[in-house]
*Asks:* 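One structure, pasted below without further comment.
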Amino acid sequence: MSLLRTRKIKDSFFKGLVALFAFLSTIPLLLILSYIAKEGITSVNWDFLVNLPKPVGETGGGIANAIIGTFFLIIIASVIAIPLGIGIGIYLSEFRKHKFAYYVRLGVDILQGTPSIVIGMIAYLWIVRQMGTFSALSGGMALSIMMLPIIVTTTEETLKLLPDSLKESAFALGVPYYSTVLRIILPAALNGIVTGIVLSIARIAGETAPLLFTAFGSPFMNFDVTQPISSLPHVIFTYSTSPYNEFHSLAWGASLILIILVLILNISAKLLAKRWKINF
Amino acid sequence: MDSVLKDENDMKFNADRAIYEDRKIKKFRFFDALFRRSVGFSSVLFVIVIAGIFLTLLIQSLPSISEFGFTYYTNSVWNPVENEFGSLPFLVGTVATSFLALLITIPFSLAVSIFLGEYFRKGAFSNILRNTIELLGGIPSVIYGFWGLFFLVPIMRDFEKWVGVTPFGIGIFTTSILLFIMIIPYSASIGREVITMVPSILKEAAYALGSTRYEVVKGVILPYAKSGIFAGILLALGRALGETMAVTMVIGNRNALPTSIFSPANTMASVIANEFTEATGDIYVSSLIQIGLLLFIVTTIINILGKKIIKKFSKV
């Protein structure tokens, strides 16, 4: 009887321990979110959103250039990565038995684990060094390389889930292969692909390391792809490591905006996935 | 007469139709080939880019490899002024921060995996915890670093005073704490997945023998899922090794061999982030690229190994 009791005590003790550690793991998120909300909310106002940064010593100033820059970089990266990623995803699902598909999958696995700083280094060596200047283009290219694995895997996974009968019916009606894929398979898989794209944007929106040697940052508003450009994560990094208090408060504001942006992207990807019942 | 005319008309019609069909088929063939080519071309381009990453890193680090040889990994002096480059301090810094972080992560991520994979698979509790952990994985690295610098570092400074070591605040231990928070989501999500995949027939058999839940977890679930859990930890390690921004901000950026777990140091990723744009001289740049090469190779091996284990696990 006493053995049973010790076993039962052990059981409840273990359950408590698991629950305790599991809930302790959520504390950092609450701490980070509350700290950033507290510090950031005071510096976010209209001027902060529409003004350019001011030189050291003057109060005020905003991060309009960084907000625009982040969107600009995301657009450059998406223009490169979305068509390419969907194309590769189609290849992997349509020609899954090709020998070459093995190497493509291996490439996706490698790229998923490659540290972002290494990708920044590569973009520097390939583009910045050839162009002779830091540029928005090189930053966008670096980010597009980081987007690819997510878009490729989500496209492949969604396409694989579609029933073969869909394709077979199209073939039976005499629809040529390319229009079967482009006009029947892809639209049917659109929801999964869109979710993947949103996820990949959420991943790169906060990336700093690949931008250090590529987009570099700039105190001005810039729409020229061959010039350096500012971005929210980069502004947070440079301002937070500077010794000035005004810059710190700008960085807190930028952090709050970046976190809201990333949370919105992540949550919308989740809602889309839930609505369309996709499970990656 | 009538019927002959009709036949002639039919023949003409059929001939026209044949030409038309022929054109249409040619058009289809053309677009089919174009489609196949462009999809194939994107994939070839993708593989070329990845091979190119490796080759670029290798070729660019050749000057440093031929200059220093193996001493590059054993020399603990990194002195750009004298053109002497040994990467040992960064290797030690990287290994120390990553493994310390991993060690702290294991109980937490294991708890989260068991909680979500066994105790509470559905319901409000499970949803809250799962979403929180996923959001934790979505927070940008630079924000972790910023928060670490202003929230964690002062706490660590007090802690170091209390322990009785020099209170830098920044350093290996602080970095490990920050890294541990950052990598929980990776190992926990994989751990949850593999624990959910344990066949219920095994668990039911154990319950039927009178096991308590703890005994089922210890005797059935963990042994069954251990390779998958290990893979999750491996992938988390890969993350920790390559993590740059948060580490750069709290590690202290000191290019000497760390003497204790509280001393400021540098990791492979953080030294690249700090010095790459300022590096002058071919050998300096090449030495930094060699660090990048090593980082690429190590994370690739870890990642492929982890993925292989998970694939094998899901097939069983």
Side-chain angles (χ1 to χ4, degrees), chain A residues 7-8 10-11 14-15 17-19 21-22 24-26 28-29 31-32 35-36 84 87-88 90-91 94 100 103-104 107 109-118 121-122 124-126 145 148 176-178 181 202 206-209 212-213 233 236-237 240-241 251 255 258-259 262-263 266, chain B residues 28 31-32 34-35 38-40 42-43 45-47 49-50 53 56-57 60 107-108 111-112 114-115 119 129 132-133 135-136 138-144 146-147 149 151 181 184 212-215 217 238 241-242 244-245 249 269 272-273 276-277 289 292 295-296 299-300 302-304 307:
Chain A
R7 282 174 63 207
K8 275 190 168 165
K10 249 190 200 166
D11 184 46
F14 181 70
K15 189 176 177 179
L17 206 66
V18 165
F21 272 80
L24 281 180
S25 316
T26 63
L29 183 79
L31 283 176
I32 293 173
Y35 198 76
I36 285 174
L84 211 58
I88 301 167
I90 293 175
Y91 173 82
E94 288 296 306
F100 191 66
Y103 294 101
V104 179
D109 282 351
I110 292 176
L111 209 52
Q112 234 158 20
T114 304
S116 51
I117 187 90
V118 173
M121 225 174 184
I122 285 294
Y124 176 87
L125 294 172
W126 285 356
I145 296 180
L148 273 178
Y177 178 65
Y178 72 94
V181 174
E207 277 295 345
T208 324
L212 288 176
F213 325 133
I236 296 170
F237 177 60
S240 65
T241 46
S255 301
L258 182 61
I259 258 196
V262 172
L263 286 188
N266 271 320
Chain B
F28 287 171
F31 279 110
D32 255 12
L34 186 71
F35 173 73
S38 48
V39 175
S42 346
S43 308
L45 185 72
F46 180 70
V47 172
V49 165
I50 290 162
I53 291 177
T56 309
L57 291 173
Q60 298 281 343
F108 288 93
V112 175
I114 296 172
F115 190 90
Y119 281 95
L129 184 62
T132 317
I133 298 290
L135 290 183
L136 211 51
I139 293 180
S141 155
V142 68
I143 290 185
Y144 273 109
F146 191 18
W147 173 78
L149 202 56
F151 184 85
I181 300 170
I184 291 177
T212 61
R213 203 157 200 180
Y214 162 66
E215 285 158 353
V217 170
L241 290 175
T244 313
M245 297 321 296
M249 291 162 87
I272 298 175
F276 192 58
T277 43
I289 294 173
L295 207 51
F296 181 70
T299 48
T300 296
I302 287 181
N303 215 44
I304 289 178
K307 289 261 161 79

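Source: prediction; values computed, not measured. The chains referred to below are lettered A, B, ... by the order of the sequence lines, with proteins before strands, and numbering in each begins at 1.
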*Asks:* Residues in salt bridge (charged side-chain N to carboxylate O under 4.0 Å, His left out) with D109(A), at least two apart?
*Replies:*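 K307(B), K311(B).
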*Asks:* For F100(A), which atoms come within 4.5 Å of any heavy atom of chain B: side chain, backbone, both, or neither?
*Replies:*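 Side chain only.
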*Asks:* Considering only heavy atoms and a distance below 4.5 Å, find which of L241(B), I133(B), V47(B) pairs most often with chain A.
*Replies:*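 Most heavy-atom pairs within the cutoff with chain A belong to V47(B).
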*Asks:* To the nearest 0.5 Å, what is the distance between CE on M121(A) and CD1 on I53(B)?
*Replies:*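 If we round to the nearest 0.5 Å, M121(A):CE and I53(B):CD1 are 12.5 Å apart.
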*Asks:* For I181(B), which atoms come within 4.5 Å of any heavy atom of chain A: side chain, backbone, both, or neither?
*Replies:*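 Looking at I181(B), just its side chain touches chain A.
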*Asks:* Rounded to the nearest 0.5 Å, what separates atom OH in Y103(A) from atom CD1 in I50(B)?
*Replies:*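 If we round to the nearest 0.5 Å, Y103(A):OH and I50(B):CD1 are 13.5 Å apart.
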*Asks:* In terms of heavy-atom proximity below 4.5 Å to chain B, should I36(A) be classed as side chain, backbone, both, or neither?
*Replies:*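 For I36(A), the contact with chain B is made by the side chain alone.
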*Asks:* Supply the atom-to-atom distance Y124(A) OH to I289(B) CD1, rounded to the nearest 0.5 angstrom.
*Replies:*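 Here the interatomic distance stands at 8.5 Å.
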*Asks:* Which residue out of S42(B), P107(B), S43(B) racks up the most heavy-atom pairs below 4.5 Å with chain A?
*Replies:*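 Going by pairs under 4.5 Å, I would pick S43(B).
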*Asks:* I'd like to verify something: which residue of Y119(B), F151(B), Y214(B) has the highest number of heavy-atom pairs under 4.5 Å with chain A?
*Replies:*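 Option with the top pair count is Y214(B).
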*Asks:* Relative to chain A, which of I304(B), L149(B), L45(B) shows the most heavy atom pairs under 4.5 Å?
*Replies:*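 Most heavy-atom pairs within the cutoff with chain A belong to I304(B).
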*Asks:* D32(B) side chain to Y178(A) main-chain N or O, any donor-acceptor pair under 3.5 Å?
*Replies:*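 Answer holds: yes.
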*Asks:* Between A273(B) and L212(A), which heavy-atom pair has the shortest distance, and what is it?
*Replies:*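 Residues A273(B) and L212(A), closest heavy atoms: CB-CD1, 3.8 Å.
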*Asks:* When only pairs under 4.5 Å are counted, which of L136(B), V217(B), I139(B), I302(B) shares the most heavy-atom pairs with chain A?
*Replies:*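 The option with the most such pairs is L136(B).
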*Asks:* Between W147(B), F115(B), F296(B), who has the most heavy-atom pairs with chain A when the cutoff is under 4.5 Å?
*Replies:*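 Most pairs with chain A among the choices: W147(B).
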*Asks:* Which region of I122(A), side chain (C-beta onward) or backbone (N, CA, C, O), has a non-hydrogen atom less than 4.5 Å from a non-hydrogen atom of chain B, or is it both or neither?
*Replies:*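 It is the side chain, since no backbone atom gets that close.
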*Asks:* Which heavy atom of V262(A) sits nearest to which heavy atom of G138(B), and what is that distance?
*Replies:*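 Between these two residues, the closest heavy atoms are CG1-O, 3.2 Å.
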*Asks:* With a 4.5 angstrom heavy-atom cut-off, could you sort out which part of V118(A) is near chain B: side chain, backbone, both or neither?
*Replies:*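 The side chain, not the backbone.
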*Asks:* For L31(A), is it the side chain, the backbone, both or neither that has a heavy atom under 4.5 Å from a heavy atom of chain B?
*Replies:*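 Both backbone and side chain.
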*Asks:* Write down the atom of S240(A), the atom of M249(B), and the distance for their closest heavy-atom approach.
*Replies:*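 Residues S240(A) and M249(B), closest heavy atoms: OG-CE, 3.1 Å.
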*Asks:* Give, as side chain, backbone, both or neither, the part of L34(B) having an atom under 4.5 angstrom from any heavy atom of chain A.
*Replies:*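 For L34(B), no heavy atom lies under 4.5 Å from chain A.
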*Asks:* Heavy-atom distances under 4.5 Å only: say whether I272(B) touches chain A with side chain, backbone, both or neither.
*Replies:*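 Both parts, heavy atoms under 4.5 Å.
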*Asks:* Checking heavy atoms, do the side chain of T132(B), its backbone, both or neither come under 4.5 Å from chain A?
*Replies:*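 Both backbone and side chain.
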*Asks:* For Q112(A), is it the side chain, the backbone, both, or neither that has a heavy atom closer than 4.5 Å to a heavy atom of chain B?
*Replies:*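 For Q112(A), backbone and side chain are both near chain B.
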*Asks:* I need the minimum non-hydrogen distance between S255(A) and I143(B), along with the two atoms involved.
*Replies:*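 Scanning both residues completely, I find the closest heavy atoms to be O-CD1, 3.6 Å.
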*Asks:* Any side-chain heavy-atom pair from L295(B) and I117(A) closer than 4.5 angstrom?
*Replies:*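 Yes, at least one pair of side-chain atoms sits under 4.5 Å.
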*Asks:* Sort out for me which of S116(A), P233(A), A202(A), S25(A) touches chain B most, counting heavy-atom pairs under 4.5 Å.
*Replies:*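 Top option by heavy-atom pairs under 4.5 Å: S25(A).
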*Asks:* Given that the side chain runs from C-beta out, which part of L263(A) has a heavy atom under 4.5 Å from chain B: side chain, backbone, both or neither?
*Replies:*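 Side chain only.
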*Asks:* Contact part of Y35(A) toward chain B, heavy-atom cut-off under 4.5 Å: side chain, backbone, both or neither?
*Replies:*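 Contact with chain B involves the side chain of Y35(A) alone.
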*Asks:* With side chains defined as the heavy atoms from C-beta onward, is the minimum distance between I90(A) and F35(B) less than 4.5 Å?
*Replies:*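 Counting from C-beta outward, I90(A) and F35(B) do come under 4.5 Å.
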*Asks:* When rounded to the nearest 0.5 angstrom, what distance separates CG in N266(A) from CG in L135(B)?
*Replies:*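 One finds 6.5 Å between CG of N266(A) and CG of L135(B).
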*Asks:* What are the two closest heavy atoms between G107(A) and F46(B), and how far apart are they?
*Replies:*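 The answer is C-CE2, 3.8 Å.
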*Asks:* With only heavy atoms counted, which part of F28(B) is less than 4.5 Å from chain A, the side chain, the backbone, both or neither?
*Replies:*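 Its backbone and side chain both get close to chain A.
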*Asks:* With only heavy atoms counted, which part of L125(A) is less than 4.5 Å from chain B, the side chain, the backbone, both or neither?
*Replies:*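 Answer is side chain: those atoms of L125(A) sit under 4.5 Å from chain B.
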*Asks:* With chain B as the partner, which of G113(A), G87(A), G206(A), P176(A) has the greatest number of non-hydrogen pairs under 4.5 Å?
*Replies:*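 So the answer, after comparing G113(A), G87(A), G206(A), P176(A), is P176(A).
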